[in-house]
Amino acid sequence: MERDQGDADPRTWGSSGDRKGFHAAHKVPSGDGPYGRAKHAQLVDKDPDAAIVLFWKAINAGDRVDSAVKDMAVVMKQQGRAEEAIEAIMSFRDRCSKQAQESLDNVLIDLYKKCGKIDEQIELLKHKLRMIYQGEAFNGRPTKTARSHGKKFQVSVKQETSRILGNLGWAYMQKTNYAAAEVVYRKAQVIDPDANKACNLALCLMKQARYGEAQAILRDVLRGAMPGCDDCKAGSRAEELLQELNLLQSKILSNSFFSHADHKEAIIFEGLDRWGDEWTPFRSRRLPIFEEIYQFQNQLAC
């Protein structure tokens with residue numbers, strides 16, 4: 001039975017127009033090189049193992065090395081092989097161009113986060129901040145093109161700085177270094193405020209038992225006082241954190257009440273003990289009433 005052209009391998013098609021249409025639709029690069037075949041295995045055949053092997057061949061063959069290293073690491077991460085992906089980037093990044101290093105750093109940060117390598121993540125984030133300070137970010141350009149959910153958009157150095165600070169703050173939170181996290185989050189909010197980082201700052205303050213400050217920030221988010229407040233996720237998170245904060249405050253008040261009550265109870269019993277000492281010559285710890293009924297013990301037992 002003859003295969004329908006739409007299901008055929010595009011490398012066997014006779015029409016260059018058909019091949020171009022297929023490549024555009026599936027975002028697969030043209031050509032029969034190992035990188036093109038790797039992307040076909042990844043995106044069309046949905047065969048990640050074959051894709052990884054072909055990406056490796058592309059790197060060794062010098063075929064679009066920058067993209068091959070990054071794409072191979074991403075596929076490895078999706079396969080739960082984050083540790084291998086880190087090793088691959090560290091092994092091959094010296095073959096990549098200077099322009100690709102920043103993108104590889106971004107992939108590494110995600111991989112470190114996936115593996116729980118918080119110290120490595122913090123150091124790399126600090127490195128990226130130093131690059132921004134030295135004017136080396138975005139390869140010296142004021143903006144860069146980023147992609148999210150298939151859409152391209154421009155990111156400024158200011159936005160990137162705030163994003164990196166937000167990631168650094170969260171890494172410090174994982175290390176329970178809340179004082180450092182607070183400093184970083186506040187700096188990020190000064191540079192480019194947004195509701196998500198505001199919620200993280202509030203959580204950081206809650207961890208330090210500074211509930212009043214945290215509450216004020218969360219209320220600012222809920223009343224739409226900063227960019228991103230219209231995001232339903234940010235609003236929902238602010239509400240959840242506010243509920244958690246109110247619960248914490250209620251527990252503190254409750255504990256304070258019972259602690260005070262326990263203190264008063266201790267004073268009462270201490271007074272009763274002193275009163276009992278005055279009634280009993282044998283320094284019995286029983287209260288007078290128990291000494292009075294002791295002589296009737298046999299009758300009471302009947």
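We use all heavy atoms of the structure for the numbers below, so side chains are in, but hydrogens, waters and symmetry mates are not.
Note that CD of Gln208 is 5.0 Å distant from CZ of Arg210, once rounded to the nearest 0.5 Å. Going from atom SG of Cys232 over to atom CZ of Arg237 covers 14.0 Å, rounded to the nearest 0.5 Å. Expressed to the nearest 0.5 Å, how far CD1 of Ile109 lies from CG of Leu104 amounts to 11.5 Å. Between Lys117 atom NZ and Leu124 atom CG the span is 13.0 Å, to the nearest 0.5 Å. We find the OH-CG distance between Tyr211 and Leu248 to be 4.5 Å, quoted to the nearest 0.5 Å. The structure places CG of Asp110 at 4.0 Å from NZ of Lys77, a figure rounded to the nearest 0.5 Å.
Across Ala214 and Ala202, no two heavy atoms sit closer than the pair CB-O, 3.5 Å. Nearest heavy-atom pair across Glu182 and Cys204 is N-SG, 3.5 Å.
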Worked check of salt bridge (Lys or Arg N to Asp or Glu O under 4.0 Å) between Arg186 and Glu213: CA-CA 12 Å; Arg186 289 193 184 279; Glu213 295 174 69; 3.4 Å; yes
Test side-chain contact (heavy atoms from CB on, under 4.5 Å) applied to Ile86 and Met76, step by step: CA-CA 9 Å; Ile86 292 171; Met76 284 180 169; over 6 Å; no
side-chain contact (heavy atoms from CB on, under 4.5 Å) assessment of Asp66 paired with Gln99: CA-CA 9 Å; Asp66 291 356; Gln99 291 73 23; 5.6 Å; no
Residues Gln159, Ile191; criterion side-chain contact (heavy atoms from CB on, under 4.5 Å); working and verdict: CA-CA 8 Å; Gln159 291 171 322; Ile191 294 173; over 6 Å; no
Stepwise side-chain contact (heavy atoms from CB on, under 4.5 Å) test for Asn246 and Gln215: CA-CA 9 Å; Asn246 291 334; Gln215 186 178 60; 3.7 Å; yes
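With Glu136 contributing its side chain and Ile132 its backbone, the two residues share no donor-acceptor pair below 3.5 Å. Asp192 places no side-chain N or O within 3.5 Å of a backbone atom of Lys158 that could act as its donor or acceptor partner. In this structure, Gln101 contributes its side chain and Arg93 its backbone to a donor-acceptor pair below 3.5 Å. The closest donor-acceptor contact from the side chain of Lys46 to the backbone of Leu43 lies under 3.5 Å. A donor-acceptor pair under 3.5 Å is absent between the side-chain atoms of Asp45 and the main chain of Asp47, judged by distance alone. Distance alone, capped at 3.5 Å, places no donor-acceptor pair between the Thr143 side chain and the Val155 backbone. Here the side chain of Gln189 pairs a donor or acceptor atom with the backbone of Asp194 at under 3.5 angstrom.
Cluster annotation: Leu205 is connected to Tyr185 through the hydrophobic network of ILVMFWY side chains, with a link wherever side-chain heavy atoms come within less than 4.5 Å. Following chains of ILVMFWY side-chain contacts shorter than 4.5 Å, one can reach Tyr112 starting from Leu168, so the two form part of one hydrophobic cluster. Hydrophobic clustering places Ile52 together with Val107 (ILVMFWY residues linked when any side-chain heavy atoms are closer than 4.5 Å, directly or through intermediates). Leu54 and Val75 fall into different hydrophobic clusters, where Ile, Leu, Val, Met, Phe, Trp and Tyr are joined by side-chain heavy atoms under 4.5 Å apart, directly or via other members. Hydrophobic clustering (side-chain heavy atoms under 4.5 Å, transitive across Ile, Leu, Val, Met, Phe, Trp, Tyr) groups Val157 together with Leu165.
For the pair Val69 and Val65, the minimum side-chain heavy-atom distance is below 4.5 Å. With contacts defined as side-chain heavy-atom distances shorter than 4.5 Å, the pair Leu129/Tyr133 does not qualify. Counting heavy atoms from C-beta on, the side chains of Glu102 and Lys128 come closer than 4.5 Å. Residues Thr145 and Phe153 form no side-chain contact, since every pair of their non-hydrogen atoms from C-beta on lies 4.5 Å or further apart. Looking at Trp170 and Leu203, their side chains come closer than 4.5 Å, going by heavy atoms from C-beta outward. Taking the side chain as every heavy atom from C-beta outward, Leu245 and Gln249 approach each other to under 4.5 Å. Ile89 places a side-chain heavy atom less than 4.5 Å from the side chain of Leu111. Under the 4.5 Å side-chain criterion, counting only non-hydrogen atoms from C-beta, Lys57 is not in contact with Arg37.
Between the side chains of Lys113 and Asn167, no donor-acceptor pair is found at a separation under 3.5 Å. If you check the side chains of Lys39 and Gln42, you find a donor sitting under 3.5 Å from an acceptor.
Ring geometry, Phe55 versus Tyr35: the interplanar angle falls from 30° to 60°, so the pair is classed tilted.
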